[in-house]
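These notes concern the structure reproduced below.
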Amino acid sequence: MAAVSQAASSRVLEKCGLEQILEALKLLLSPGEGSGSNSLQITKHDILLATLKSNLSALEHKFLKDPHWKILKLLRDEIANEAEWPQDSMDVTWHFTSQTLLLLLCLKETMLRLAADFNPGKPNPKTPETAPALSPDTLSVSQQKTVQSVLQFVVTLGVCPYLAPGVGVPLRFRTEFGAVVQDVVCLSAAPSATRRLYTSCSVLLSVAQHASLGSLVFCRHFGDIAAGLCQLGFCPSKRSPLSPEEEVLSEEERALSKKALRDILDQVYQPLAVRELLILQGGPPQILDLFHFQDKLAARQFQRVATTTFITMSREQPQLAAKYLLQPMLAPLHRCLNTAEILESDMVPGTILVTEEQLGRCIEDIYKVYVVGNEPLSVLVDSLLPVLGVLFSLYCFTKQSVSHLRSLCQEILLWILGRLERKKAIASLKGFAGLDKSVPALHSLCHFRAATQGGIMITIKEAFCDEDEALYQKVSSEQCRVEHLGGLLSHCQECGLAGDFFIFCLKELTHVAVEDETELKMKSFSNKSLLELEQHQTLLVEGQERKLLVLQLVALLCERMSEQIFTNITQVVDFVAATLQRACASLAHQAESTVESQTLSMSMGLVAVMLGGAVQLKSSDFAVLKQLLPLLEKVSSTYPDPVIQELAADLRITISTHGAFSTEAVSVAAQSTLNKKDPEGKREEQQQTSYERYSDVSHGHLEPQQSHVASHEVREPSTTAKQKSESVTTEELQEALLSAYDPQIPTRAAALRTLSRWIEQREAKVLNMQEKLLKIFLENLEHEDTFVYLSAIQGVALLSDVYPEKILPGLLAQYDSSKDRHTPETRMKVGEILMRIVRALGDMVSKYREPLIHTFLRGARDPDSAHRASSLSNLGELCQRLDFMLGSVVHEVTACLIAVVKTDHEVQVRRAAIHVIVLLLRGLSQKATEVLRDVLKDLYHLLKHVVCLEPDDVARLHAQLALEELDGIMRNFLFPPQKLEKKITVLP
């Protein structure tokens, strides 16, 4: 009997087709017909239930009345008899789900039978381009859409309603239809919710055993199925132990659910599995937990993943990142801000607001995200800005004791100060120093304490009973903060922040000087209340405290900062302006002092040094210096010292004339200032150091003056320059030009070399004849002798280095011209010239990036194969030198390389194209992951294509070398080498 039944089943499968099963599935999914005129009074729940009942009845009617559906009915009944799960129920939604699951199993069995019976014939060798026969179990696009809709209904009706709270995404929060389904499901009817969930997951996993059906199941519904398996395998049904009769699922079924979960996690695309598991577990908390692995090896591996995820979310979803990532990470610091509200229950002295573990994790996480991630995104910077005051207070506390958090706090503060806008950075420093009370800081009731495990915690401090003790603690705390601020600023000199803050303090010092002394005196308050008198007295005390703090800051910065505190001319001018303003203010209040006079002389001497030749000033620098003119005029007319008056007047004239006129007083002041700074006579070294400091930051092309600072040297060229410009006579130049056309090859080549040497030496008379020289070199470029045309190539390259904007377009046009106008050899020589120009330009080649790349891209399509190969070779070297400046052109370059490798018939051209990729990867090295990040995948596929299909052995070898380069790059990117370092830190 079993054999007869198996044979009948086989015959049923042979006769049943895919189209009939899909038609039955479409019938189940057909929309309802409404409810006539009363449809408006019927709820959506009733409409859904009526539609499900109607579709089930229509399917049964087809099975009973239509003879064409008899075979499908037999197959469905056979599968239903073999199924071990309940199919009938009073709940319409489950009855509909069970019938849909049966039809999906019918579809799977039919597709497996069709694939097993498929026997494609051997391909015809005469027509290899003919496509192979398609397997009969392949679903069309419309059929796939039908199956996707069926799977959507099965998951919505058979999985999601039975997930426990907290497991997966709730159905009512997904769509309006999901909320309706959640309400119409009858959980009181048999079978139980857990049995329904187990049945749906089991059948879907069975259907997914077919490859094409499995991709449809897991592509969109992996998360819901994984959530269901998690609940079935790990979630207990009740707290109290159940008897075997009461158990909904057996232990064997739970074990099968756990095994199925592990299997699908191994089968599906791993990034998809990670994403869905993060969604199931809540997402952001798991990202933060990746920072907190105890195992050091695992921590290194996951830190890069966590930091990259953090940065990516902050870049693409800044609002969500701020809410779910940054706020939880920074919560311990926000808890103790002076803007936060502390509960009365937490105000008891000794209460721990932030534990040692919480604070340590918070600082370490900030360091990993901000400093290690090193992405100054606005959401990151804005989130950290409010807690900088607490971070600085913690930094000050760590400086007074031994703590591993000290270096972390310092690195975080230096990172954020370097990335903030200069105004915000200065405002933050004002808050650190206590000059700006509006900047958020540590709460007055909070303080840091050493914890038992060697860390730091934040607690509520006890109130001081003794006023003298409280005052002492306040003064000592402010003094320590100022000292530690000076130490922090000593690391900010190169970026110019220390200089800007020093100038700010000098301006504040000027405000102290200009304040009217009469305001400090008590006015008549006979008509004022005692409260108003007390408020006025409080303001006076706060004003005096601020002035003392400014004086302390200026004194500390003068002591701590080196002479390299100013990094550009603008800062020097601002410093001088602040000094002059303070001098004018002192004159207005008749408060001149010896110290003030010496400071004024020093600052004016500094201006004299700049004007005297310590640095080569540009017109833009004189525009900055002109802001000193009103102050110098005031000093020259009001200052009592006649020497300072005369110097101020002379400096004003020198600045106004842009150095064209300078008096002896300016030179003497400059000389005197330099002698004071270097009394042992090392003035030239001092000038050189001063010049390098300004020129590196402000304008790197300036040249230092070689002789002493004197006014006539600013106005007149040096003797050496005169001799240099007159070293080539007119007769020598004419003789060289005539020899460039000499029929004797050695004479012609020597003349070309001589002209090239003069161009390299920047001889004025030679450079004035640039057009004639270019014509001579280009004509000699056609010469067949190697010595001649190589000399011509060198000459054109040197001339282009002097006048790239004038000569480069003509060379590009000549290289891009057709072979009718220029021979292929000449065009290749021009290509060599272009590459010499590219090497000589260095970083400036980015200015000519577009015309160069487009010329070589057009050359890659030239009819001449040699020119195509030459263009590709030049393109490779150019892209290698452009580095990060390659920009969006990388897409055009990649498209060109792919087209050449796959379509060009000349093997030399294909080799050149593959060699371009080798040059790019070898030249960029570890930077390839950033420069080529958008096209790296395309280049990898292209190289694999060459290795597999390219007939040329050399081309395949180049591609294999490129793949090895790429493999090394990606290995170093994913698994950076671990450096074994041993740091010895000297504790204070």
Side-chain angles (χ1 to χ4, degrees), residues 1-33 49-117 136-140 142-154 157-158 190-191 196 199-200 202-210 212-213 216-217:
M1 291 298 292
V4 173
S5 175
Q6 185 175 1
S9 174
S10 177
R11 288 195 299 272
V12 170
L13 278 174
E14 290 178 0
K15 295 180 181 178
C16 189
L18 294 178
E19 293 79 6
Q20 202 170 37
I21 301 175
L22 291 167
E23 187 178 352
L25 290 172
K26 284 184 179 180
L27 183 59
L28 280 179
L29 299 184
S30 59
E33 300 179 356
L49 291 174
T51 302
L52 297 180
K53 291 179 182 178
S54 174
N55 293 348
L56 286 172
S57 300
L59 180 64
E60 292 299 328
H61 180 76
K62 278 282 188 181
F63 281 147
L64 295 175
K65 303 297 183 181
D66 194 336
H68 298 289
W69 289 57
K70 183 178 180 181
I71 298 176
L72 177 58
K73 183 178 184 302
L74 292 175
L75 178 59
R76 186 201 65 167
D77 293 343
E78 181 180 348
I79 293 176
N81 293 332
E82 294 177 356
E84 299 179 355
W85 39 273
Q87 301 159 22
D88 296 329
S89 174
M90 297 298 295
D91 185 4
V92 178
T93 59
W94 176 246
H95 185 50
F96 179 88
T97 302
S98 62
Q99 294 302 313
T100 308
L101 292 174
L102 288 174
L103 289 178
L104 284 175
L105 290 174
C106 294
L107 179 64
K108 170 206 165 187
E109 296 296 333
T110 303
M111 293 176 70
L112 291 175
R113 189 263 305 169
L114 292 174
D117 296 342
D137 68 332
T138 305
L139 297 175
S140 65
S142 61
Q143 290 173 340
Q144 289 184 18
K145 291 182 178 179
T146 301
V147 175
Q148 286 176 346
S149 300
V150 171
L151 292 173
Q152 182 71 37
F153 263 88
V154 170
L157 295 174
R196 296 184 189 185
T199 300
S200 299
S202 301
V203 176
L204 287 174
L205 292 177
S206 176
V207 172
Q209 292 175 358
H210 190 279
S212 58
L213 291 177
L216 296 176
V217 171

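The basis for the numbers below is simple: all heavy atoms, side chains too, and nothing from hydrogens, waters or symmetry mates. The shown structure was predicted, so the numbers you read here are calculated from the model rather than taken from an experiment.
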For the side chain to side chain contact (heavy atoms under 4.5 Å, CB included) test, which of L18, L112, L102, T146 pairs with L107? L18
Rounded to the nearest 0.5 Å, how far apart are OG of S206 and CG of L101? 10.0 Å
Measuring from atom CD of Q20 to atom CG of L25, what distance do you get when rounded to the nearest 0.5 angstrom? 11.5 Å
Could you pull out all residues at least two apart from S142 that satisfy side-chain hydrogen bond (donor to acceptor under 3.5 Å, both in side chains)? S140
Would you indicate whether the side-chain heavy atoms of V217 and L205 approach each other to under 4.5 Å? no
Please determine which of K65, K53, R76 meets the salt bridge (charged side-chain N to carboxylate O under 4.0 Å, His left out) test together with E60. R76
Side chains of L28 and V150: closer than 4.5 Å at any heavy-atom pair? no
Pairwise side-chain contact, L29 with N55, heavy-atom cut-off 4.5 Å (strictly under): no
For A115, enumerate each residue passing the side-chain contact (heavy atoms from CB on, under 4.5 Å) test, keeping only those at least two apart in sequence or located in another chain. D137
How long is the straight-line distance from CZ of R113 back to CG of L75, given to the nearest 0.5 Å? 9.5 Å
So does C106 get a backbone contact from the side chain of T110, meaning a donor-acceptor N/O pair under 3.5 Å? yes
Residues forming a salt bridge (charged side-chain N to carboxylate O under 4.0 Å, His left out) with E23, sequence neighbours excluded: none
The salt bridge (charged side-chain N to carboxylate O under 4.0 Å, His left out) partners of D91 (sequence neighbours excluded) come to R196
Are L104 and L151 close enough that some pair of their side-chain heavy atoms sits under 4.5 Å apart? yes
Applying side-chain hydrogen bond (donor to acceptor under 3.5 Å, both in side chains), can you list everything that pairs with Q148, at least two apart in sequence or on another chain? none
Can you pull out every ring-ring contact (aromatic ring centres under 6.0 Å, His included) where at least one residue sits in residues 65-109? Sequence neighbours excluded, please. F63-W69
I'd like to check the side-chain hydrogen bond (donor to acceptor under 3.5 Å, both in side chains) partners of T138; sequence neighbours left out, ordered by chain and number. none
Partners of D77 by salt bridge (charged side-chain N to carboxylate O under 4.0 Å, His left out), sequence neighbours excluded? K73
Name all residues meeting the salt bridge (charged side-chain N to carboxylate O under 4.0 Å, His left out) criterion together with K62; count only those two or more places apart in sequence or in a different chain, and write none if there are none. D66
Contacts of S149 meeting side-chain hydrogen bond (donor to acceptor under 3.5 Å, both in side chains) (sequence neighbours excluded), chain-then-number -> none
